[in-house]
Amino acid sequence: MIRVLLVDDERMVCAHLRTILTAAGDIEVVGEAYDGAEAVEAVVRLRPDLVLIDVRMPDVDGLTAIERIAGFPEPPRMVVLTTFDHDEYVLRALRAGAAGFLVKSTEPQDLADLVRAAAGGGTVLSPVATQRLLGAAGDRHRVRELLGRLTERETEVLAGLATGDSNLRIARRLNLSEATVKGYVSRLLVKLNCDNRTQAGLLAQQGGLRPGTVTGSSE
């Protein structure tokens, strides 16, 4: 079971989300919080696998809560679910450690699958959030120039990030240890000047990378 904490200042929204997610069968809503401060406390108390959290809330907002929760020794996965998709919200949430950014217009039948993907280590982004990040990533010429500096193995790992794969899934496909993949991801973030794996994956998408694609020089 995937243990989910819902965080939204509108109780009706939480009730609606609870109905959708519990119907999936493999997702358990372990609690609700109605502002960021309650969310931080609930994470400590309930130890959820994933937090589905809104941005704008009274007192402590969702972005501040994400930053605080991300500082825990073993933070849960966090996904923003909001009606506000401004650039600053998308970028700040992902830089703080969120595993995804979704808008509340997401189809109910898709939500459970997105929760599963995020809980499994993937990145989930609404089309609007993707466009916000692509716009912040720079032009295609710059992207191809950056990708051209990567080694073959770095390119293979980056191609996995482009599809939102977890380190474990990339490791299995490339016959590497998960720790080795984690090391490659850390180096890629430095080389590509990205704040997180989501931005790196979007750069890869701009450059046309997919698993099996090799554009870098050999190691």
Side-chain angles (χ1 to χ4, degrees), residues 49-50 66-67 70-71 74-80 85 87-103 106 110 113-219:
D49 300 311
L50 183 140
I66 289 171
E67 291 169 346
E74 295 183 9
R77 304 283 287 174
M78 292 177 282
V79 174
V80 171
D85 57 6
D87 292 14
E88 62 182 291
Y89 293 155
V90 177
L91 294 172
R92 183 178 165 192
L94 296 174
R95 285 171 178 163
F101 196 104
L102 303 173
V103 291
T106 299
D110 295 334
D113 286 338
L114 292 167
V115 165
R116 293 187 190 101
T123 300
V124 293
L125 295 170
S126 68
V128 172
T130 299
Q131 290 304 312
R132 296 282 191 264
L133 287 173
L134 287 175
D139 61 60
R140 188 173 296 273
H141 175 74
R142 171 180 168 273
V143 169
R144 291 192 177 277
E145 185 178 88
L146 286 172
L147 298 185
R149 301 173 184 171
L150 303 180
T151 66
E152 179 177 330
R153 183 63 82 189
E154 286 170 342
T155 302
E156 290 173 334
V157 172
L158 182 60
L161 299 185
T163 57
D165 286 347
S166 64
N167 288 348
L168 179 59
R169 187 173 298 177
I170 295 171
R172 287 173 174 171
R173 186 175 64 251
L174 300 180
N175 294 316
L176 299 171
S177 72
E178 189 174 1
T180 298
V181 171
K182 184 177 180 181
Y184 274 114
V185 171
S186 296
R187 290 195 293 275
L188 282 167
L189 296 185
V190 173
K191 278 192 170 185
L192 300 176
N193 193 29
C194 291
D195 294 307
N196 52 59
R197 61 191 294 126
T198 301
Q199 290 183 358
L202 288 168
L203 280 176
Q205 290 180 19
Q206 277 192 300
L209 291 187
R210 293 293 185 275
T213 301
V214 177
T215 62
S217 59
S218 60
E219 292 182 289

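Since we're looking at a predicted model, the values are computed, not measured. FYI, the numbering just counts along the sequence from 1.
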Does the side chain of R116 come within less than 4.5 Å of D113's, by heavy atoms? yes
The reported gap from OH in Y184 to OG1 in T151 (rounded to nearest 0.5 angstrom) is 6.0 Å
For L50 versus A118, what's the shortest heavy-atom pair and its separation? CD1-CB, 3.6 Å
Backbone of V115 reached by a side-chain donor or acceptor of R77 within 3.5 Å: no
How about R169: does its CZ atom have over 12 heavy atoms from other parts shown lying under 6.0 Å from it? no
As an exercise, state the distance from CG of N167 to CD of E178, rounded to the nearest 0.5 Å. 6.0 Å
Could you report the tightest heavy-atom contact between S126 and L102, atom names first, then the distance? N-CD2, 3.8 Å
Give me the atom names and distance for the closest heavy-atom approach of R197 to L189. N-CD2, 3.8 Å
One should read off an interatomic distance between L176 CG and I170 CD1, to the nearest 0.5 angstrom, of 10.0 Å
Correct closest heavy-atom pair for A70 and P75 would be O-CG, 3.9 Å
Flag the pair K191 / R149 as yes when at least one side-chain heavy-atom distance between them is below 4.5 Å, and no otherwise. no
Minimum-distance pair of heavy atoms, taken over all atoms of E67 and A96: CG-CB, 3.4 Å
E156 vs R173 side-chain heavy atoms within contact, under 4.5 Å: no
Tightest non-hydrogen contact, residues I66 and M78, listed as O-CE, 3.6 Å
What's the separation between atom CG in L125 and atom CG in L94, rounded to the nearest 0.5 Å? 6.0 Å
Does the side chain of V79 reach to within under 4.5 Å of the side chain of V124, using non-hydrogen atoms? yes
Beyond-backbone contact of L158 with L147, side-chain heavy atoms, under 4.5 angstrom: yes
